[in-house]
Structure formats: C-alpha cells, structure tokens
Amino acid sequence: MSTKKSLVVIGNGMVGQHFLASLVASQCKDSYHITTFCEEPRAAYDRVHLSSFFSGKTAADLALADEDFFANNDITLHLGDKAANIDRNNKTVTSAKGLTIAYDTLVLATGSYPFVPPVPGHDRPNCLVYRTIEDLEAMASAAKTSKVGVVVGGGLLGLEAAKALTDLGLETHVVEFAPRLMAVQLDEGGGAMLRRKVEALGLQVHTGKNTTLITDGEQCVNKMCFADGEELETDIVLFSAGIRPRDDIARSCGLDVGPRGGIVIDNQCKTSDPAIYAIGECALWNGMIYGLVAPGYSMARTVVADLAGEEGSFTGADMSTKLKLMGVDVASIGDAHAKSQGALVYTYQNGASEVYKRLVVSQDKKQLLGAVLVGEVSGYGTLLQYCLNGIELPENPDSLILPPRGDESVGLGPDALPMSAQICSCYDVSKGAICQAIEAGAITLGALKAQTKAATGCGGCGALLKSVMDCELTKHGIAVSTDLCEHFPYTRQDLYNLVVVEQIKTFNDLLETHGKGSGCDICKPAIGSILASYWNEYVLAKEHLGLQDTNDTFLANMQKDGTYSVVPRITGGEISPDMLIALGQVGKKYQLYTKITGGQRVDLFGARVDQLPHIWKELIDAGFESGHAYGKSLRTVKSCVGSSWCRYGVDDSVGLAIELENRYKGLRSPHKLKFAVSGCTRECAEAQSKDVGVIATENGWNLYVCGNGGMKPRHADLFATGLDKETLIKYIDRFLIFYVRTAARLQRTSVWMENMEGGLDYLKSVVIDDKLGLCGQLEQQMTYVIDTYQCEWKTTIEDENKLKRFRHFINSDQPDDNVVFVEERGQIRPADEEERKHFKIMEVA
Amino acid sequence: MMPWKDVCSSDDLQPDSGVCALVAGQQVAVFYRVKEQAVYAIHNYDPIGKANVLSRGMIGDVKGEPVVASPLYKQHFSLKTGVCIEDEQISVPVYPVRLHNGRVEIQVALSNNGEMKTSIHEEASV
Ligand SMILES: Cc1cc2nc3c(=O)[nH]c(=O)nc-3n(C[C@H](O)[C@H](O)[C@H](O)COP(=O)(O)OP(=O)(O)OC[C@H]3O[C@@H](n4cnc5c(N)ncnc54)[C@H](O)[C@@H]3O)c2cc1C
Ligand code: SF4
Ligand code: FES
C-alpha cells in the first residue's frame, strides 16, 4: 500500500528537529515515510540554552520535542545510531549499527563539531569541549577535582563556557589568539570595554596568546605553554576555538564541499545531488557557514517549502546578535567592522558607566550598515530594524547612540517599520504576522507569544514585540486602557503604590483622593485585597466589610443555592484521627455534604448562613482554624508523605509543607495561590503545577514558580536549585510580595510572569540578585503580614456585633425557605428546579 | 396609599452593604449607601442564579446608576429600577423604602413576581 516516498534525515539536532516539526505541520506530511538518525543518545535538545544545564535544567527540560512527537507523527527515530555511509547510486543510507534504509529524499543536518587546534597535548586528560550534554557532564565531573580552568577562545561560546567554569567555582582564564575578545563581532573599542567588564567580574583575560604545548603541570593537572614563552597552570582546558562543519559523510560520497569545509548548497538548500539537501551548521551557502540557529531554521523551512512545491528560498541571513555574557550586555549588528566601501563611523564611549556604542553608516549617512553596543543594548531592536529594512536614518544618526537630551525620543516607533519587517528572527515572525494575531484577538504579550511563537526562542526580540503590540493596540483604539475600572484611572499596581506611599488605610480615603463615583464589584474587592495585603487588618471591620466579595463577607464559599461550604485548614494535608473524627462529628451534626478536595482537605457543603458561626465555633473548639478557601489568598500546600515514610523520600516534604502553609496562611493576593512540596523528584505532590512548588533533591530544595492547573494548565518554571530551607523561604517571601505588589487584578502568577518584560530571567534578577534593591522591603512586608495573622473566624465568633449579620433575615429567625435538599448517594445535595417545585407543592398540601 | 411597614432599626443596616428582611412574606434585600445616606430595597431573589442571595451582593455604581452585583454570576441589578444591566429583559421587584425616626420602613405590595406565600407573616411582622 505504500505509495509514500521515503525521506531520511541524518542528524536530529536543533535544525534537524525544526525541519521535522515544520514538515509534519505542512501539507506534504502524508507524502513521506520519515526516518531520522540521531547520533546522540537523546533526541534533539536546545543547544542554545545548553549552559542552563548548570543552573539546574535537566536534559528533559532542554528537550525540543515532547516524548510522543516521533510516535504521533510516525517518524522512525534511530537513537544513538550514526549514519555511516551514503550510497547515492542505490539511494541508501547505512548506519553504524548496520541498518540500511532506502531514501527518495535525503536531508543532511549533521551540524558542526568544536575545532580543537592540533597543539601537542590537546588530547591530555581534562582537555574538553563544549557542545553536547555529555560534554557538560564531563566538565562538571572534572570540575569536582579542579581549581583552575582555562578556556581557549574568547568568542561568544568561549565566554559562555568561561561563565560556566566560574559558576562551577573555578578560577577561570580566557586565552585568545586575537588581540581582543569577540573579535568576530566587536571592534577594538567594544572588545576593550567588554574585557574591562568581564575582568571586573573576576575573569582573567589573556589576548594575543598562541598556545604551543600542553603538558604536565606542577600544581595542576596541565600546563599550557605559549609562543611568547609564558606559561599557565590549569586543571581543565576547554577548547572553544570555533566550529567546523560535519561534512565527512557528504565528502565521502562525493558531494561538493567547500575548500574550507561545509556542504555546498544552493538557494533551495540542495546539494550537488538534487535528491539530497543540507541544512544548518553543516551547510555552506554562498561561501558562508552560519553558526547560529535562526539561519538554520530558515534553511529548514526552505526545504519544507521546496518539498511542498511552494516558492521559498534561502538567500542568506542576518548574523546580528545580542546576548548577555557573564552579565554583560553585548550586541553586534551587520557590518560592525566598517568594511563596506565609504562607511562612516560614529563612536560613543562613556568610561564612567562603562558603555560603548558604535554606529557604521553609509557614505550619504542615510543607511545604517552596522553597530556595536557594549554595556547598554536597549537600542538594539531599533537599530536592527534600521539596518535590516533600509529605513532612512534621522538627520543626526549619532542621536541614535547618544544619551537622549531632554525629552526627545530617539527610538524608531514601531509604526515606522514596514509590515514585512522581521521582528523575531528565531521564528521568522514579521510585523505583519504579529498585527494579524492582534486582530485575531491576541492582545496580551502572553497570548501573542503563544500564538506567533515570537520571543520564545532566544528572547532577544521581547522588548520590540511589546512595543509593536502596544502601538498596534493603541492604533486600533483597543485603547489599552489599563484603568482598573470606571472609578479609578489607575492600574492595580498604581493603586498599590498609592496605598503604600500615602499610607491610605480605607477604600473611602482612596476613592476620595484618587477615584470617582462610589466604586463597584471590580474596584472594591481589588482594593480590599490591596489593603488586606498591605495592612492585614480584619477583613470584616466596618470600613472594609463592603469591599469583600460575597465569599469573604461570610468567610465561606457560596454555592449555587445560596448555601455555603466550610473548609477548615488542614496544613500540608496532615490530620490526626481525632481531628478527623471531630470534623466528621460537625459534618454529621449539621448534616453537611462532605468531600475531600484536591488540596488535601475536607470541604463541608450545605451550611446555611445562620449555621456558619455555630459550625465554626465547634470547629475552633476542636482546634481547627479558617482555611481561607473563600479568599484570594493562599489555599493549600499539598504534600506527599516524604522521607518520614516513603522509601524514596529525600527530605521531609510534609514538615516543610506545614511550615510553609503556616507561614503564608491568610496572605491576601491578587488571585488564589496554591503550593505543593514533593519529597523527591518522583513528584507525587505535583508541585510543578502550582504557583509555588518545592521538590527535595540530594543537593537541597528545588524551587519552581508560576505553574497552575485549571482551564489553562501551565508547567511551573524551575527558579532555583539546591537551596537550604532558609534561602528557600527567603526567595518565596520575596516572590510572593513582589507578585502581590505588581500583578494585575485577578492575575495568576503564570500570566503575571509571562506578561512581565524579561519574564523568568527578570523575575530571578529581582528575587535572587536583588536587581531593584527591593528585597529588604519585600521581606519586611512579609514579616509584617506573618506577625499580624489572625484566624478570621476566631475573631468573628468572638464579636457579638459581627454575628448579627449571620442570619438570613435581619428581622426574623426563619431560615431561607428556598434552600431545599434531596438525598443522593447517602448525602444531601441542592434540589434542582423540578424537585423544588414538587417539594413546595408537598409543603402547601 | 399602602402603609409603611416597620422592618428594623437603621443600626441593623450594614454600611455600603446589604441585609435581607422578611416583609409581608417577601424576602427583601435592603442596601445602605453611607455617603449618599440612601437606602434601597429590592427583592432578594436572583432570577438568573435562582437563589435568595441579592442582599449578599456587592453594591456600587455603573455609570452613575447604583447597582448590586449578584454574588452568584455577577450580573448587575439597578437598585432604583431593579432592571438587570446586562439583560434589560430581566428585572427584580423594587420597593419604596425610607429611614424614619431611626427605623427602616418599607412598602410591600403583593406583586406577581414575588411569591406571596402566606399572610400570617404579614401580621406577625407588624
Ligand atoms: C553552548 C552553545 C551556545 C549557543 N548559543 C547560541 C545562541 O545564543 N544563539 C544561536 O543562534 N546559536 C547558538 N549556538 C549555536 C546553535 O546551537 C547551533 O547553531 C545549532 O545547534 C545548529 O543546529 P544543527 O542542527 O545544524 O546542529 P546540531 O544542533 O549540532 O545538530 C547536529 C546533530 O547531528 C548529529 N549528527 C552529526 N552527524 C551525524 C550522523 N552521521 N548520523 C547521525 N547523527 C549525526 C549530531 O550528533 C548532532 O546531534 C550555541 C551553541 C552552543 C554549543
Ligand atoms: S515524591 Fe518521592 S518522597 Fe514523595 S511520595 Fe513520591 S516517591 Fe515518595
Ligand atoms: S529573535 Fe530569538 S526569540 Fe525572537
């Protein structure tokens, strides 16, 4: 039955995988049987973020495709099997393990390998490279017995590797043959500024050094000898001296390769054999090897278009880059070295703030040809767009790199960009595509990212994406009103700040000074929550009562028939038999429907408003307290049984869960908060689906944030690893108060983080590195909230006056006659309309 | 003219919030807006959520119109006319109400919307 053709892909790296994903998303997906050879022991992973392996990401976190991708799309994946030979006459591929597969179409995506200069001694112990997960594992294990590390090569990758060595706790050196760092991207001035900055961070830089020999060291494992006679002792030598295309398999079957390597391809990415394509870092187009992922992706899409019979060609790619190296922002655009004919150069250097910027413009000063930015790269997006789209420069091009004078704006408004302008190069998203997505209703940063994938690769285009979005929304008159509601022309965050700065304690004071009208069911609970988070006063106090949502006003959750459910706190889900019996007795006495919740506690349903204080009195006497199930506040900290009982448990998850729940109970927040703690990485408590998740590991607690279940489930992000309890709690304190301060009304942590410019990294910089200098305040605020905690139910039943409200009628003791229950599975439930009619007839009769 | 029925003391009202009173067999939601010194009375039955809960809703204004938001599904009902802001086809009965000598007084007629159950309560509440 097979009318399908056979398509074989050699190499399942980043580009090979992007090709597969694009192919199965295209219309010709059913025309091929797809087979792919993957030399590495695991399917494609995100090499670009390889270094995050050291900050706790696992191989699984880095995987590019989900587990079922291959099975679901009928792709045969040969893991750990290398394609060894291509027989072009018979059109077959033979693998190292001896498989032979026939192909109609063959795609080479073999990538590149790190170049190791043939210095004598380059293969000595601890001489390593930086390209695969195995390389990193080797590095981590070598680092355990090492003190000093040297990176050979001061380019992009070399500096990234140096950062990794520093993070592993080694004294780190960078040895560069060229006279400056990042010689390919930066000019002399930029290189010098970068050097000063990384040296200030403790890295030792040696430029103009030619390594001639690696031999036995005296204090260290190795000794490097340089042409100028100097020596350097080191335990680890990490080569990062450039990449070379993996073209041997192409070479041996006679495909054209370039004089310095690389499989020659045309604009359709076809090699010299029309049945064979080559894409990614193994391909040589127009004499160029592209060592970045975006051009490779673009080649992959070109091949898919060609297979589908559509127009499409690869015509080169922009090599501009922006990145953070050892905490230093660096960007390079286009012709950074001013090699173009007649190019003019503007340079701005600020030694005090360590900023270096350089513009390369055409002779007539109309076009931007290139740029270098070190230390301050906020202009990158604008400059890149000038360069890529040939937009005419302003009269004084230097205004683009000089600090703004007065209030003149130097940025290029997103309006000036043509629809074809590429905003995200990783996923090739144009301004046009973004505008379309906005028209179709994606009007938040999170939605736009999900819809277009823009800013989900390297993330470099995030700021630009946001400004395009803002500009489009304003234009559409979707007037991005961030006003809370018609009564307050402020965002929730603004109002929070007003409360703090002006020390406002009541809704009416805030309304009088900053609002109009008398408020509504949007601003009242929002401000009620702000006041409660900040001042933590009793929510049913006279001046706050009217602000509380129904559930808060009666400290219980209203159900469909107007009755309430009662949820006492059961910290960490741990409860003694006696307490369980007490709970059961209350449920039985008041004939409540009882159910176990997902948060590991017990929910008692069907309590009439007049019964609530009686029920709570009994619960409190039995030792329970409010579970705050009614509030936008911490709900539960779910836990697995952990090391006390579980055979696999690494740490006491129940103990920690109880401690966290007691610490944060009662904290009012923009939305409800759920936590969980697992005792080991088997993750029985499902911590990764919570706002705050904690997992015990051999090295300490791992902290996850911003996950949620519900309508749009989201996996939490790994925030920090190997923490001791004190640091863990400090981070959670800061995280929570920062969320409480800055989130929008009813915004869960996930959406809050996704809409934050800079996302997870920014959040980390605030919470871990204290980038905003706020951490002291955040912790102090949390301490205040904890110190002023009260069980609201206890306060309420002790106050005669408050209890007056817990009656159905203010002037009668009758209960609500519309509340009718029927029995189901041995418990009560609200009667439906039909049943209720029947009931009334019986009553009258 | 219908007589004013005494319901409760004005101290029983909740500032910027509501209570429910039983008047002539009807469940009446009574709201008190402090700034305006105004009281409003509408039927307590939420015709959309189908439960006696409006007195437990949050009050405020929508474009100047005083409203209560249903605690069940959050529709707004005008405190002056009883009309639902989200769907003008739907409304709840409204009753004349006043503060008189420190007491809250309401006029309740027998309406078609409210279910008149027994007249015993009427006597009892006077
Ligand atoms: C640490 C690091 C940081 C980086 N940072 C960035 C960055 O910030 N931005 C950026 O744009 N780029 C970055 N890059 C470069 C980027 O990772 C590469 O451009 C990209 O991975 C190229 O994809 P590829 O598929 O061509 O090659 P690869 O991802 O290397 O995939 C090739 C795969 O083919 C396999 N293979 C080779 N030969 C065979 C065979 N005969 N049979 C079977 N399998 C075979 C290889 O084992 C490999 O798995 C970085 C690279 C590294 C190492
Ligand atoms: S997460 Fe680990 S410790 Fe907790 S129950 Fe599961 S296996 Fe045991
Ligand atoms: S440019 Fe890399 S994510 Fe958009």
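Quick note on labels: first sequence line is chain A, next is B, and so on, each numbered from 1.
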Practice problem: Below 4.5 Å from any heavy atom of chain A, which atoms of B:N44 appear? Answer side chain, backbone, both or neither. | Solution: side chain
Quiz item: At a heavy-atom separation under 4.5 Å, does A:L545 approach chain B through its side chain, its backbone, both, or neither?
Solution: side chain
Quiz item: Which of the residues B:V68, B:V28, B:V7, B:L13 is involved in the greatest number of heavy-atom pairs with chain A at under 4.5 angstrom?
Solution: B:V7
Practice problem: Anything under 30° is parallel, anything over 60° is perpendicular, the rest tilted; go ahead and classify A:Y630 against A:H628. | Solution: tilted
Quiz item: Between B:V30 and chain A, which part of the residue has a heavy atom less than 4.5 Å away: side chain, backbone, both or neither?
Solution: neither
Quiz item: What residue in B:A21, B:C8, B:S17 has the most heavy-atom pairs under 4.5 Å with chain A?
Solution: B:A21
Quiz item: So, are A:D610 and A:R807 salt-bridged, with charged N and O less than 4.0 Å apart?
Solution: no
Quiz item: Angle class for the A:W793/A:F806 ring planes (parallel below 30°, perpendicular above 60°, tilted otherwise)?
Solution: tilted
Self-check item: B:I59 portion near chain A, given a 4.5 angstrom heavy-atom threshold
Solution: both
Quiz item: Thinking salt bridges, do A:E537 and A:K505 make one under a 4.0 Å N-O criterion?
Solution: yes
Quiz item: Among A:S812, A:C520, A:C485, A:G519, which has the most heavy-atom pairs under 4.5 Å with chain B?
Solution: A:G519
Quiz item: Highest number of heavy-atom pairs under 4.5 Å with chain A: which of B:K50, B:E36, B:K35, B:K74?
Solution: B:K50
Exercise. Measure up the B:Y95 and B:H43 rings against each other and bin them: parallel (under 30°), tilted (30 to 60°), perpendicular (over 60°).
Key: tilted
Exercise. Using non-hydrogen atoms and a 4.5 Å limit, figure out which bit of A:S518 sits close to chain B: side chain, backbone, both or neither.
Key: both
Quiz item: Charged N to carboxylate O below 4.0 Å: is that the case for A:R608 and A:D816?
Solution: no
Self-check item: Contact origin within A:N801 toward chain B - heavy atom pairs under 4.5 Å
Solution: neither
Quiz item: Is it the backbone or the side chain of A:Q548 that comes under 4.5 Å from a heavy atom of chain B, or both, or neither?
Solution: backbone
Quiz item: If you count heavy-atom pairs under 4.5 Å between each of B:V53, B:N52, B:V67 and chain A, which one has the most?
Solution: B:N52
Quiz prompt | Flag for A:Y593-A:E824: side-chain donor and acceptor within less than 3.5 Å | solution = no
Quiz item: Does any heavy atom of chain B fall under 4.5 Å from the side chain of A:L547, the backbone, both, or neither of them?
Solution: backbone
Quiz prompt | Side-chain ion pair, A:K804 and A:E800, N-O less than 4.0 Å | solution = no
Self-check item: Stepwise side-chain contact (heavy atoms from CB on, under 4.5 Å) check, A:H808 with B:C20
Solution: CA-CA 6 Å; A:H808 190 76; B:C20 177; 4.3 Å; yes
Self-check item: Closest-packed option against chain A by number of heavy-atom pairs under 4.5 Å, given B:H76, B:K63, B:Q27
Solution: B:Q27
Quiz prompt | Donor-acceptor pair between A:D561 and A:T563 side chains, under 3.5 angstrom | solution = yes
Practice problem: Would you mind telling me which of A:E543, A:H487, A:Q559 has the largest number of heavy-atom pairs within less than 4.5 Å of chain B? | Solution: A:H487
